[in-house]
Engineer: 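Sharing a structure with you now.
Keep in mind the model is a prediction, meaning the values are calculated, not measured. Just so you know, ligand 1 is whichever comes first in the structure, and atom 1 is the first atom listed for that ligand. Throughout, numbering of the chain's residues begins at 1 and tracks the sequence.
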Amino acid sequence: MIRRPAAHELDAVLEIDEASFSWKMSPAERARAAESIEAGVVRVAELDGELVGVLGASSAEMTCPGGALARAVAVSNVAVLPTHRRRGVMSAMLAHLFDEVHGSGSALVVLYASEGGIYGRFGFAPASFAATYRLERDAARLRPIGTGQPAVRLLRPGEAAEALPAVFDLARRQRAGELERSPGGWAALLEEPAGPVARFVAAAILAGEVAGYVIYEVVAQAPASRVRPEEAVADRLLRLVELVALDEGAYRALWSYLLDIDLVGALVTGPRPLDEPLRFLLEDPRALEVRRLEDHTWLRLLDVHRALCERRYRAAGSLVIEISDGHCPWNAGRIALVVDPSGQASVAPSAAPPDLVCGIAGLAAGYLGATSWRTLVRAGAVTAASAASLARADLLFGTAEQPFCTPGF
Ligand SMILES: CC(C)(COP(=O)(O)OP(=O)(O)OC[C@H]1O[C@@H](n2cnc3c(N)ncnc32)[C@H](O)[C@@H]1OP(=O)(O)O)[C@@H](O)C(=O)NCCC(=O)NCCS
């Protein structure tokens, strides 16, 4: 049976989480889990009177290509007790969620996958990608960024909690794939880190307004006793937690600030968009080293008609798409997507020959514009009727920027 847990089942829920991910929750995380249960975000799977699985699902606004905003369901903490794996518990929780969400006003389900092999079978596909970067401080010099840039000022914790959410809320509307961040998400992000980590928040300010911010930490990599004095600086790492800018001036000013910070050997980032403009700000573009490139958010379209109407398109035109969907049969069939000159689409059933034939995961992979239809055709995830159909599909769905999602959830 899949159901919402009661408040008194918090410990059982946390036990599943901790045993499944092999971690221990901090008191702050326990408190946030209790809030999630109270808010109705958590579902549990009960088997023979015992809780064996857990799944979080909360509603959040997602930015679609063209800047349109849509409701999405953000799935988190999918976990099944190690003693009850591979018996269909996760499958049952997802099937229950799909039925619950279908018809509820959200056409999109989004998650971060712990492993790449889990979610494709349920119709999810990687819909945005992320890179983590490293810059050796001595090698990373910016080209002159010009005058009239915003000033950068350090913020105290209270100031950060007040200023950052509004800036992020504006910024997240500018890129497809971004989700709004919940109050709990802000609390987790701005929480003082544990251990000997120095964390700072700085803001780019122009004409008295915050136009962007950066959250970063400086950590020593090796224990102090093992570092020779002459290596102390090289050992210190600046970790970029989040950089959000509302415009180019703020973006350049924040990177200029970060790369000017003394007494660090290198700077490493968390997940960032693939099309990070920083590369073109550097005197030597190779100074921006890609450490890791991986799938970021995975997307599942639960209502194809609605999802296709929620995003905007780059040109007027039409496309007939035949879709198969083993888990959500209401999505299967042939549709005509007709885009008007303003980039808005209408969708209706069609009997015309299809331009594209794909499974629901193929459609999810192309939805936010991270991957072209050409690439998906080459991978065998989509079939195109002709070169002209494929070119039209890429013209319609293409986006100028790579999609991304800043908040973790
Ligand atoms: C991932 C997890 C939730 C799967 O739960 P589960 O109840 O064992 O999953 P199911 O029995 O419903 O499996 C459904 C299918 O997915 C496959 N599958 C499950 N976990 C998988 C994994 N990690 N990698 C590849 N395939 C996986 C199963 O083999 C099964 O395949 P089948 O349909 O061909 O038989 C569970 O293993 C777990 O808690 N893992 C640790 C925490 C974690 O990584 N959670 C995911 C967070 S995004």
Engineer: How far is atom 38 (C) of ligand 1 from its nearest protein heavy atom, and which residue and atom name does that atom have?
Structural biologist: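 Going by distance alone, atom 38 (C) of ligand 1 is nearest to R85 NE, 3.3 Å.
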Engineer: Counting from 1, what ligand 1 atoms have a heavy atom of G88 closer than 4.0 Å?
Structural biologist: 10 (P), 11 (O), 12 (O)
Engineer: What residue and atom, counting heavy atoms only, is the protein's closest point to atom 12 (O) of ligand 1, and at what distance?
Structural biologist: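 Result for atom 12 (O) of ligand 1: S91 OG, 2.6 Å.
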Engineer: Nearest protein heavy atom to atom 27 (C) of ligand 1, by residue and atom, and its distance?
Structural biologist: R121 NH2, 3.9 Å
Engineer: So which heavy atom in the protein is nearest atom 42 (C) of ligand 1, and how far is it from that ligand atom?
Structural biologist: F21 CE2, 3.6 Å
Engineer: Are any of the N or O atoms of V78 closer than 3.5 Å to those of ligand 1?
Structural biologist: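 Yes, at least one N or O pair falls under 3.5 Å.
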Engineer: Only pairs at least two apart or in different chains count here, so list each ring pair (Phe, Tyr, Trp, His ring centres under 6.0 Å) that has a residue in residues 326-359.
Structural biologist: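 Sorted pair list: H102-W330, F122-H327.
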Engineer: Mark up the atoms of ligand 1 that fall under 4.0 Å of a heavy atom belonging to A79, in ascending order.
Structural biologist: 39 (O)
Engineer: Would you call the rings of F404 and H296 parallel, tilted or perpendicular, where under 30° means parallel and over 60° means perpendicular?
Structural biologist: parallel
Engineer: Please state whether the rings of F397 and W373 are parallel, tilted or perpendicular, taking 30° and 60° as the class boundaries.
Structural biologist: perpendicular
Engineer: What protein heavy atom sits nearest atom 28 (C) of ligand 1, and how far off is it?
Structural biologist: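 Atom 28 (C) of ligand 1 sits closest to the protein heavy atom R86 CD, 3.9 Å.
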Engineer: In plain terms, say whether R30 and E35 are close enough for a salt bridge, that is, a side-chain N and a carboxylate O under 4.0 Å apart.
Structural biologist: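 So R30 does not pair with E35 through a salt bridge.
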Engineer: For atom 48 (S) of ligand 1, what's the nearest protein heavy atom and its distance?
Structural biologist: Y119 OH, 3.1 Å
Engineer: Identify the protein heavy atom lying closest to atom 2 (C) of ligand 1, giving its residue, its atom name and the separation to 0.1 Å.
Structural biologist: M90 SD, 4.1 Å
Engineer: If the threshold is 4.0 Å, N to carboxylate O, is there a salt bridge linking E61 and R172?
Structural biologist: yes
Engineer: List every atom of ligand 1 that sits less than 4.0 Å from any heavy atom of E115, numbering the atoms from 1 in the order shown and giving each element.
Structural biologist: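 So the answer, numbered in order with elements, is 23 (N).
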Engineer: Only counting residues at least two apart or in another chain, list the ones meeting side-chain contact (heavy atoms from CB on, under 4.5 Å) with R141.
Structural biologist: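 R141 satisfies side-chain contact (heavy atoms from CB on, under 4.5 Å) with E283 only.
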Engineer: V80 to ligand 1: N or O pair under 3.5 Å?
Structural biologist: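 Indeed, backbone or side chain, V80 has an N or O that close.
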Engineer: Nearest 0.5 Å please: distance from the CG atom of L308 over to the CD atom of E310.
Structural biologist: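 Output value for this atom pair is 9.5 Å.
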Engineer: Look at D169 together with R173 and state whether they make a salt bridge at an N to O cut-off of under 4.0 Å.
Structural biologist: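 Salt bridge present between D169 and R173.
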Engineer: Compute the shortest N/O to N/O distance between H84 and ligand 1 and return yes if it is under 3.5 Å, no if not.
Structural biologist: no
Engineer: Report yes if I118 has an N/O atom closer than 3.5 Å to an N/O atom of ligand 1; otherwise report no.
Structural biologist: no
Engineer: Which ligand 1 atoms are under 4.0 Å away from a heavy-atom of V89?
Structural biologist: 7 (O), 12 (O)
Engineer: Provide, to 0.1 Å, the distance between atom 25 (C) of ligand 1 and the closest protein heavy atom, together with that atom's residue and name.
Structural biologist: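 Its nearest protein heavy-atom neighbour is G117 O, 3.5 Å.
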Engineer: Is the shortest distance from a Lys or Arg side-chain nitrogen in E9 or R4 to a carboxylate oxygen in the other one below 4.0 Å?
Structural biologist: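 Judged by the 4.0 Å cut-off on N to carboxylate O distance, E9 and R4 do not form a salt bridge.
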Engineer: Out of T269, I261, V241, which one pairs with Y216 under the side chain to side chain contact (heavy atoms under 4.5 Å, CB included) rule?
Structural biologist: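 Option passing the side chain to side chain contact (heavy atoms under 4.5 Å, CB included) with Y216: I261.
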Engineer: One residue to check: Y112. Relative to ligand 1, which of side chain, backbone, both or neither has a non-hydrogen atom less than 4.0 Å away?
Structural biologist: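 It is the backbone that touches ligand 1; the side chain stays farther off.
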Engineer: Salt bridge or not for D284 and R143, using N-O below 4.0 Å?
Structural biologist: no
Engineer: Under 4.0 Å from a heavy atom of R87: which atoms of ligand 1 are those, numbered in the order shown and with their elements?
Structural biologist: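 Matching atoms, with element in brackets: 11 (O).
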